[in-house]
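The analysis underlying the following values was restricted to heavy atoms, covering all of them including side chains, and did not include hydrogens, waters or symmetry mates. Because the structure is predicted, anything quoted here is derived from the model rather than measured.
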Amino acid sequence: MVDRAEYKKGHVKAVLSGSQGTFGLYAVRDDGKEIPLLSSYDFFKSTAFLLRVGRKEYLLNGSGGVKSEARQTSSGVQMAYTIPGKAFFLLDFTFPEDGTVAGLEDTIKVRMYTVNLGSNPQTFTSKAVFDTILGESSEKHFSTYAIDELNTQRTFHSMKQDRWICSANKSAAIEFLFCGADVSEPDFVTLGPIGKLYDYWEPEAHEGKGFSTVLSYNNSGVAVNWKTAYLLPGQQDEKVFYIATAEGVEPVYAGRLPSGDELIEAVEAGRSPFPGQKASDGPASGSPVEKEPVPQEAEKQEPTAEEKPAPAVPPAAEEPKLQEAEKQEPTAEEKPELSEAAKAVAEEQLDYEYIQNLIDYIESLEEAGSIDREELMSLNEELDAIFERLRSMGN
């Protein structure tokens, strides 16, 4: 375990603080000067990932009972978060291999792994808030593939047309890629005042309104909400997006731009610049999905730095290839036959609120002094059938 981990490739650098659970991204000029790509106040604390476990939301920055740990890998850096008895969340920043085509070396593949550490099935939903700053000092806050200039709040319910969100000024640019290749397309993306993006799990954008509030002037950010994952105990979920960067953008949007479109094209063509990764492949051996001690056990034993391996992976994720295969939309012949119970699941039972109410009720029964085991067994069987049906639908 290290308190600080950093990695640089080309003109982009990532720095992680294990004690704070925060991360920073920089564009690095040829003269060595580092340009923050996100707000660097209090070591980038206004940029963070959040995880909702059932109905409870956790800010993943080393606070509120969340334990954080920075890790160094051979091809990048990782931040591991543990919510004891609830969830393990791994944020993996992978950089391109040496010899990558010019332009593509200034990109990062970001993978998010969530593991259910609980004893019951549960719902897990991830969110990210990026406190962008570059566009605040230029004539336009943001741009997308389809929109050249965006200076007002906006919600994108699909990224198929817009593909990416870019924040840039004359010195640097950062582009978040949310569509194409193996990207896990978000549920929705919101551009709004940075403080408002944290106020609600599903931020509300006031279309056509600027980014100033009574508390801050022109302070914009990007919130990304991903789709809910339904995980059995020990099961994992993986989500992917990319970041493309550039330094020396002069003038804005007419000089050297991020190579996001070229990156997606390369990945889709099977020419991914990232180590051990091809389009549609699962995590390669030695990257984030190998077995390691469950975090709680590791904490009990407290091995020394010399004894403790530098694990690159979340625990309890033993079948990455199988899980990746599930994402690749297997044919009808390859899909396992649904059980009769799963076939009988009604449409209303697939509603998120219904599922969460069922999970909450099961947990309340388990916590009660006297348990009706027949009722508990029946409810768990219903929940298993619902999860089986959801997995068959690609959820």
Phe156: partners by ring-ring contact (aromatic ring centres under 6.0 Å, His included), with sequence neighbours left out: none
Set of ring-ring contact (aromatic ring centres under 6.0 Å, His included) partners for Phe176, sequence neighbours left out: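 Expected list: Phe130.
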Ion pair check, Glu262 and Arg271, cut-off under 4.0 Å: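 Arg271 and Glu262: not salt-bridged.
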Presence of salt bridge, Lys67 and Glu69, under 4.0 angstrom: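 Here Glu69 does not pair with Lys67 in a salt bridge, since their nearest N and O are not under 4.0 Å apart.
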Decide if atom [atom1] of [X] counts as having more than 12 heavy atoms of other residues, nucleotides or ligands within a radius under 6.0 Å.
| X | atom1 | value |
| --- | --- | --- |
| Glu149 | CD | yes |
| Lys209 | NZ | no |
| Lys33 | NZ | no |
| Glu375 | CD | yes |
| Glu347 | CD | no |
| Tyr352 | OH | yes |

Can you confirm whether the side chains of [X] and [Y] place a donor and an acceptor under 3.5 Å from each other?
| X | Y | value |
| --- | --- | --- |
| Gln78 | Thr73 | no |
| Asp237 | Thr114 | no |
| Thr125 | Thr228 | yes |
| Tyr242 | Asp182 | yes |
| Tyr26 | Glu6 | no |

Donor-acceptor pair, side chain of [X] and main chain of [Y], under 3.5 angstrom:
| X | Y | value |
| --- | --- | --- |
| Glu175 | Ser259 | no |
| Thr245 | Ala27 | no |
| Ser138 | Lys140 | yes |
| Gln236 | Phe88 | no |
| Trp226 | Ser184 | yes |

With Arg154, the side-chain contact (heavy atoms from CB on, under 4.5 Å) member among Ile165, Asp162, Ile147: Ile147
Find out whether [X] and [Y] are in side-chain contact, i.e. whether some heavy atom of one side chain is under 4.5 Å from a heavy atom of the other.
| X | Y | answer |
| --- | --- | --- |
| Val115 | Leu117 | yes |
| Val110 | Leu91 | yes |
| Val267 | Lys109 | no |

Criterion salt bridge (charged side-chain N to carboxylate O under 4.0 Å, His left out) on Lys170 and Glu139, from CA distance to verdict: CA-CA 10 Å; Lys170 66 180 182 179; Glu139 295 179 356; over 6 Å; no
Evaluation steps, side-chain contact (heavy atoms from CB on, under 4.5 Å), between Ser220 and Thr132: CA-CA 6 Å; Ser220 57; Thr132 52; 4.0 Å; yes
Check [X] against [Y] and note the closest heavy-atom contact, atom names and distance.
| X | Y | value |
| --- | --- | --- |
| Ser137 | Asn169 | OG-ND2, 3.1 Å |
| Leu16 | Ala70 | CB-CB, 4.2 Å |
| Ile264 | Cys179 | CD1-O, 3.9 Å |
| Arg111 | Val240 | CG-CG2, 3.7 Å |
| Pro96 | Lys9 | O-NZ, 2.6 Å |
| Ala173 | Leu37 | O-CD2, 3.9 Å |

Return a table of donor-acceptor pairs under 3.5 angstrom between the side chains of residues 186-205 and protein atoms on other chains or two or more places apart.
from	atom 1	to	atom 2	distance (Å)
Tyr198	OH	Ser46	O	2.7
Tyr198	OH	Ala48	N	3.4

Is [X] linked to [Y] within one hydrophobic cluster, defined over Ile, Leu, Val, Met, Phe, Trp and Tyr using a side-chain heavy-atom separation of less than 4.5 Å?
| X | Y | result |
| --- | --- | --- |
| Tyr354 | Leu379 | yes |
| Val28 | Leu38 | no |
| Phe43 | Ile35 | no |
| Ile108 | Val15 | yes |

Could you grab the distance from atom [atom1] of [X] to atom [atom2] of [Y], nearest 0.5 Å is fine?
| X | Y | atom1 | atom2 | answer |
| --- | --- | --- | --- | --- |
| Leu231 | Leu390 | CG | CG | 11.0 Å |
| Glu265 | Glu268 | CD | CD | 8.0 Å |
| Ser39 | Lys45 | OG | NZ | 13.0 Å |
| Met112 | Leu90 | CE | CG | 11.0 Å |
| Glu382 | Met377 | CD | CE | 15.0 Å |
| Phe178 | Arg163 | CZ | CZ | 15.0 Å |

For the pair [X] and [Y], name the ring-plane relationship: parallel under 30°, tilted 30 to 60°, perpendicular over 60°.
| X | Y | answer |
| --- | --- | --- |
| Phe23 | Phe49 | tilted |
| Tyr230 | Phe387 | perpendicular |
| Phe211 | His141 | tilted |
| Tyr81 | Phe89 | tilted |

Glu353/Arg55 under salt bridge (charged side-chain N to carboxylate O under 4.0 Å, His left out): CA gap, chis, key distance, verdict: CA-CA 10 Å; Glu353 193 65 23; Arg55 299 185 187 280; 3.0 Å; yes
From CA spacing to verdict: salt bridge (charged side-chain N to carboxylate O under 4.0 Å, His left out), Glu388, Arg391: CA-CA 5 Å; Glu388 181 184 349; Arg391 288 195 298 274; 5.7 Å; no
Chi angles and distances behind the side-chain contact (heavy atoms from CB on, under 4.5 Å) call for Val12, Thr107: CA-CA 7 Å; Val12 62; Thr107 59; over 6 Å; no
Candidate pair Val183 and Trp164, rule side-chain contact (heavy atoms from CB on, under 4.5 Å), full reasoning: CA-CA 11 Å; Val183 169; Trp164 41 258; over 6 Å; no
Leu383 vs Ile355, side-chain contact (heavy atoms from CB on, under 4.5 Å): CA-CA, chis, key distance, verdict: CA-CA 8 Å; Leu383 189 59; Ile355 295 170; 4.3 Å; yes
Trace of the side-chain hydrogen bond (donor to acceptor under 3.5 Å, both in side chains) decision for Thr22 with Asn61: CA-CA 6 Å; Thr22 54; Asn61 65 356; over 6 Å; no
